[in-house]
Amino acid sequence: MQFEKETLKILPGALRALEEGFAALPAIETSAPGQERMAEVMQQVALRLRDNYPYFHPFYAGQMLKPPHPIARAAYALATWINPNNHALDGGRASSAMEKEAVAEIAGMFGWQTHVGHLSSGGTMANLEALWVAGQLHPGKKIAASAQAHYTHRRIRRVVGLPFAELPCDPRGRMETQALAERLARGDIGCVVATVGTTGMGSIDPLPEILRLRTQYGFRLHVDAAYGGYFTLAGNLTAETRAAYDRIGQADSIVVDPHKHGLQPYGCGCVLFRDPSVGALYKHDSPYTYFTSKDLHLGEISLECSRPGASAVALWATQKLLPLTRGGEFAAGLEACREAAISLAERLAADSRWLVPFPPELDIVVWAPRAATVRGASELAQRIFTAAAKRSLHLALIRLPIGYFPALAADSTDHQETVLCLRSVLMKPEHREWLNRILPTLDAAYRDAMEESEP
Ligand SMILES: Cc1ncc(COP(=O)(O)O)c(C=O)c1O
């Protein structure tokens, strides 16, 4: 059995409870038309959906993908009977209130008692809003982000029409603060994007040093913690990583994606601003909405108009079940993911066939197969990736500058600038126990790949 189906049993009771809230209305015809035809189409849907990697399974240890928590799935489904729209209180009263509560709990993870913020379709839209606000406050000035910042920042800066400065990374994939200091001295940086949990390697930009530079140069600091944000609850970070997390609250804006580590269905991102007065930058009138209440309509502080109230309902329910507290069940899940990553990295580093550039800061592991040349290592990584998939173990690949693997570069004579590496996001707590099955499968895939390369 692969799928949890017990949750389906709690849905009818919840649906009845919801329905009772509308009992005063004249009854309407409620049977779904064409049940048989719907069942047929649903069978077709199920067959079509088989064409997917098994994101729900621990043998899917590739990209940043995992299924939502069952309660998120159930709450989302329940909300679709109402289909609220969180643009305005007119379209989603309860779900807007739930969004405000859930978002305040996320802000609370970073020590913010006050803030302005909302959910979005994902990290890209959330970052876009943060950089749009930065551009309003520092018009024409550059946005600076590291070479390992998510690629969408380069795209967003074009959308918001701001110049961009890319900063180099240190050997652990973190923004080089010396390079940042040199850029800041030129006086044209308006906003620095610090990534807390880079997409490629899970590295954490050094917030203590970046904040020291902010005191000196006075730029706006945006923290992109779309992937890494929730790890602030984990009790097993290194002291250096913890020092960065403890300073996230000093940023001007933060992005965290509930649809990454927050156990939510896509799309659920979240943008937060420390200073609620930035809400005024969104000021606009709408001839259609904002009539039913003088309270804040979330559309008044968000660039998008319609947004799914169901996302807020799912997030609210998940956080009720698994509060965002240190030492709690949710935090334990993140700790297990990090333990899985540390364990995988240690076991790979102890094996002469592999090169691991540095221990993981969160739950992403990157490694390269040792080979005589850089090109040989890249080709072998590609073959291992394919061989592992044939054995149902799904990994990911990442192309990195060769500087992350000095040993490989030193041995090689082919002067390649980049190397294709294996990458694994161990974002399911079960990965910790499943390593005992993942590693032998990786071993077998390595042998398959080597046999394939022999003449
Ligand atoms: C650090 C970071 N920022 C932004 C994004 C973009 O988020 P989304 O895919 O939700 O738009 C990602 C996605 O992986 C990410 O890891």
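Both ligands and their constituent atoms are indexed starting at 1 by order of listing.
Not counting sequence neighbours, R347 has no partner by the salt bridge (charged side-chain N to carboxylate O under 4.0 Å, His left out) test.
Annotation: ligand 1 has protein neighbours M64, G122, G123, T124, N127, H150, G197, T199, D224, A226, Y227, D257, H259, K260, each with a heavy atom less than 4.0 angstrom from the ligand.
Counting only residues at least two apart or in different chains, ring pair (Phe, Tyr, Trp, His ring centres under 6.0 Å) contacts with residues 80-108 comprise H87-Y290.
Judged by the 6.0 Å distance and 45° axis criteria, R353 is positioned over the aromatic ring of Y446.
The pair D295-R93 does not count as a salt bridge, with every side-chain nitrogen at least 4.0 angstrom from each carboxylate oxygen. A salt bridge links E209 with R212: at least one charged nitrogen is closer than 4.0 Å to a carboxylate oxygen.
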Donor-acceptor pairs are to be reported for all side-chain atoms of residues 180-191 against protein atoms at under 3.5 Å, with residues two or more places apart or in another chain.
{"from": "E182", "atom 1": "OE2", "to": "Q178", "atom 2": "NE2", "distance (Å)": "3.1"}
{"from": "D188", "atom 1": "OD2", "to": "K142", "atom 2": "NZ", "distance (Å)": "2.7"}

